[in-house]
Structure formats: C-alpha cells, structure tokens
Amino acid sequence: QALLSGERHFYFDPATQARMAEKLALENDLRQAVEAQQFVLYFQPRVDLARGRIVGAEALIRWHHPEKGLVPPAQFIPLAEETGLILPIGDWVIRTVCQQVAQWQRTERHVVPISLNLSAAQFKGGRVLDTLHQAIAQHAVKAKLIELELTESLLMHDPQAAISILSAFRSMGVRLSLDDFGTGYSSLAYLSRFPFDFLKIDRAFVAGVPDNVEDGAIAKVIIALAKQLNLRTVAEGVETEEQLSFLHHLGCDEMQGYLFSKPVPVEQFEQMLREHVRL
Ligand code: C2E
Ligand code: CA
Ligand code: CA
Ligand code: CA
C-alpha cells in the first residue's frame, strides 16, 4: 500500500471499488435471473370511485433473488436499462401479462384491464410492437384489456418515432396511459399530439394534497387539462381519506394507492376481483 501511494490516483478509492464490485455482482445475478426466470408480477388495483369498484390494475415487477429475497424494481430496473437486460425482462413482462389476462378471460366472470410499464429501450427497432403483437395473438387476449404505461421522458427520447409507435399501439386496440405526469418535460404540445387514454398524476403531487397549496393547485390544473383533452385521470399513491376526497372533488376519475391496496401477488389480486370489492 505504502509503495503504491505515489501512484494512488490511478486507482479507485476503496468505497468506489466496493460499489463497482457490488454492481458487477448484481449484473451477473440479473443475467442469471433472466435465464432462470426469477421474476414475478404483483398487481395493484385501480379503483373508480363513481362506480365503487376495481376497474383495473397495474402489473409491477419484483425479482425473487435466491439470497436477497424479493427485490423491488427501483433496485434493478435502472441496471437492467443500463445493461440492455431490460429487453428480455420487458419481453417477459409483456408475455406474462398477456398470458395472465388470457387465463382470466377463460376462468373469471369479471376481468379488468391490466397495465404494464415500458422502458425507452423497448421502443428501438419496434421491438415492443413485435413482442406485444405476438403475445396478444398467441394468447388470444382482448387488446382492450392491455394497457401500456409510458413516461414523458420515454416519449421525448425520440418524439417522431414515439408518435408512430403509439399510433401502431392505437390500431392494435390497447389502452395507453401517460405515467408520472407532471414530473418530466410535461410538454403540452406533445400531450395533445400523443393518443393517450389516461393521464396518471404522479405521487409527488398526490402526497402533498390537501395540505400543500401548490401541490393542490397543480393537481387541480392537471385534472382540468385532462378533461379538456378528453383524458381520464388516475391519481397514483393515494394513501389517505383526505387525499381521496380532495381528488374526488376535483373530478379525478380513478385512484391507485395504499389506501385501497398495496401491490399484491396474483392469487390475492384474484381474490379481490372475485369479491368484487366495493368501497
Ligand atoms: P411507477 O410506474 O410509478 O409505479 C408506481 C409505484 O408506486 C410502485 O412502486 C407502487 O408500489 C408504488 N405505490 C403505489 N401506491 C403507493 C402509495 O400509496 N404509496 C407509496 N409510497 N407508493 C405507492 P414499485 O412497484 O416499487 O415500482 C417502482 C417503479 O419501478 C415503477 O414506478 C416503474 O417505474 C418501475 N417498474 C415497475 N415494474 C416495471 C416493469 O415491469 N417494467 C419497467 N420498465 N419498469 C417497472
Ligand atoms: Ca406505472
Ligand atoms: Ca407512475
Ligand atoms: Ca413513479
């Protein structure tokens, strides 16, 4: 160590080195996870207050790590995007959602649309279109039971390409929602040019209402704007009765959040659907 001290600046400090080693190990684990299919989908219900029932759910991925247990997406999706592993993972999510919905079409009296999240890389070369088209055909899913959640930053990556892919989604008959609205570029010009059905108000604003006046004002403007553009609004991360009634009075159409349910494993979600949960 002392001998090397003169050229120490060529080396990463121990903390950085440890972080890099950990990241490399995680990347290896993630590669294996893709091979071994260590992923599962949880479902978080979406409720319509006017109709008083579950009107959909969002599929959210988790990684069943052999040693670490259930790993949340925030801890591996960024790495998956960085390494390209998001492509096979994203394909798996699309196929699994289609397969699951197809099964419900056969076994359940009451089926609701299921939404899934997409990453920018899946758009390159139209991969997401191919995968989705194939999965819908193979499982004979009703396209209107599949919903895609896209963020503004994903669209702004290549707006021209995005417009044509979104039109293709449109003609397939799937539903489209703009996720995390208010946090990204929020380009109003593009908002009107993209063919969305739903606008999801980001949890960042929902968390602030009703006490934070600015967040309340933003939520109000977003809901009014959505109505003008003929979009249905979904509030994310609703945790309290106060948030619920505030957003309800503003005319928010649907809500999702811990107040109703956390994301749950598939069996538990089926249970909720069967009980036809009324609020
Ligand atoms: P998101 O799309 O904004 O998903 C909503 C996140 O908010 C979920 O976290 C959900 O569990 C959480 N949430 C819902 N209601 C509440 C609430 O009332 N309070 C709080 N504190 N949180 C709430 P999750 O499941 O950890 O997912 C995090 C992010 O990971 C997602 O954010 C999404 O961007 C990404 N993600 C999840 N699944 C996938 C996937 O299959 N593909 C891709 N590309 N990204 C995914
Ligand atoms: Ca989402
Ligand atoms: Ca979101
Ligand atoms: Ca979010």
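Numbering of ligands and ligand atoms starts at 1, following listing order. These values consider heavy atoms only, across backbone and side chains, with no hydrogens, waters or symmetry-generated copies.
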Q: Taking the Ca ion (ligand 3) as the reference point, name the nearest N/O/S atom of Asp180.
A: OD1

Q | Side chain to side chain, Asp179 and Thr151, heavy atoms closer than 4.5 Å | A | yes

Q. Would you say Asp202 has an N, O or S atom lying under 3.0 Å from the Ca ion (ligand 3)?
A. no

(Q) Strictly below 4.0 Å, N to O, side chains only: are Glu108 and Arg274 in salt-bridge contact? (A) yes

Q: Considering only NZ, NE, NH1 and NH2 on the basic side and carboxylate oxygens on the acidic side, decide whether Asp253 and Arg46 come within less than 4.0 Å.
A: no

Q: State if Lys200 counts as touching ligand 1 under the rule of any non-hydrogen atom under 4.0 Å.
A: no

Q | Atoms in ligand 1 with a heavy atom of Asp180 nearer than 4.0 Å | A | 3 (O)

(Q) Quick check on Pro263 - does any of its heavy atoms sit under 4.0 Å from an atom of ligand 1? (A) yes

Q | Val238 neighbourhood, listing ligand 1 atoms whose heavy-atom distance to it stays under 4.0 Å | A | 18 (O)

(Q) Could you tell me if the side chain of Arg62 sits less than 4.5 Å from the side chain of Pro73, heavy atoms only? (A) yes

Q) If we only count N/O pairs under 3.5 Å, is Leu259 in contact with ligand 1? A) no

Q) At under 4.0 Å between heavy atoms, which part of Val93 makes contact with ligand 1: side chain, backbone, both or neither? A) side chain

**Q.** Heteroatom proximity flag, Asp179 to ligand 1, N/O under 3.5 Å
**A.** yes

Q: Please find out if the Ca ion (ligand 2) and some N, O or S atom of Asn117 are separated by less than 3.0 Å.
A: yes

**Q.** Side-chain heavy atoms of Gln122 within contact of Leu154, under 4.5 Å
**A.** no

Q. Given Leu155 and Leu178, is the side-chain contact (heavy atoms from CB on, under 4.5 Å) satisfied, shown in steps?
A. CA-CA 10 Å; Leu155 301 173; Leu178 184 54; 4.0 Å; yes

**Q.** Geometric class of the Phe76/Trp63 ring pair [parallel <30°, tilted 30-60°, perpendicular >60°]
**A.** perpendicular

**Q.** Selected option - heavy-atom contact closest to atom 42 (N) of ligand 1, from Val97, Ile86, Asn117, Ile94
**A.** Asn117

(Q) Using a 4.0 Å cutoff against the non-hydrogen atoms of Glu239, which atoms of ligand 1 qualify? (A) 17 (C), 18 (O), 19 (N), 20 (C), 21 (N)

Q. Applying a strict 4.0 Å limit to heavy atoms, is Glu58 in contact with ligand 1?
A. yes

Q. Taking N or O atoms only and a 3.5 Å limit, does Gln44 qualify as a polar contact for ligand 1?
A. yes

Q) Going by distance alone, is a donor N or O of one side chain under 3.5 Å from an acceptor N or O of the other, for Gln256 and Lys200? A) yes

(Q) Would Gln256 count as a polar contact of ligand 1, with the cut-off being nitrogen or oxygen pairs under 3.5 Å? (A) no

Q. Do Leu191 and Glu152 come within less than 4.5 Å of each other through their side chains, counting heavy atoms only?
A. no

**Q.** Shortest-distance N, O or S atom of Glu149 relative to the Ca ion (ligand 2)
**A.** OE1

Q: Could you tell me whether ligand 1 has any atom less than 4.0 Å away from a heavy atom of Leu116?
A: no

Q. Going by heavy atoms in the side chains, are Phe181 and Phe196 under 4.5 Å from each other?
A. no

Q: Decide, yes or no, whether a salt bridge links Glu27 with Arg31 under the criterion of side-chain N to carboxylate O below 4.0 Å.
A: yes

Q: Please verify whether a non-hydrogen atom of Glu236 lies at under 4.0 Å from ligand 1.
A: yes

Q: Would you name the N/O/S atom of Glu236 that lies closest to the Ca ion (ligand 3)?
A: OE2

Q) Picking from Glu149, Glu58, Glu147, what satisfies side chain to side chain donor-acceptor pair (under 3.5 Å) with Ser115? A) Glu149

Q. Does ligand 1 have an atom under 4.0 Å from some heavy atom of Lys262?
A. no

**Q.** Presence of salt bridge, Asp158 and Lys124, under 4.0 angstrom
**A.** no

Q: Using only N, O or S atoms, tell me which atom of Asp179 is closest to the Ca ion (ligand 2).
A: OD2

Q: In sequence, state the C-alpha distance, the side-chain angles, and the governing distance for Val112 and Phe43, and then conclude on side-chain contact (heavy atoms from CB on, under 4.5 Å).
A: CA-CA 12 Å; Val112 294; Phe43 296 86; over 6 Å; no

**Q.** Where ligand 1 meets Gly257 - atom numbers and elements under 4.0 angstrom, heavy-atom basis
**A.** 15 (N), 18 (O)

Q: Determine which of the N, O or S atoms in Glu58 is closest to the Ca ion (ligand 2) and give its atom name.
A: OE2

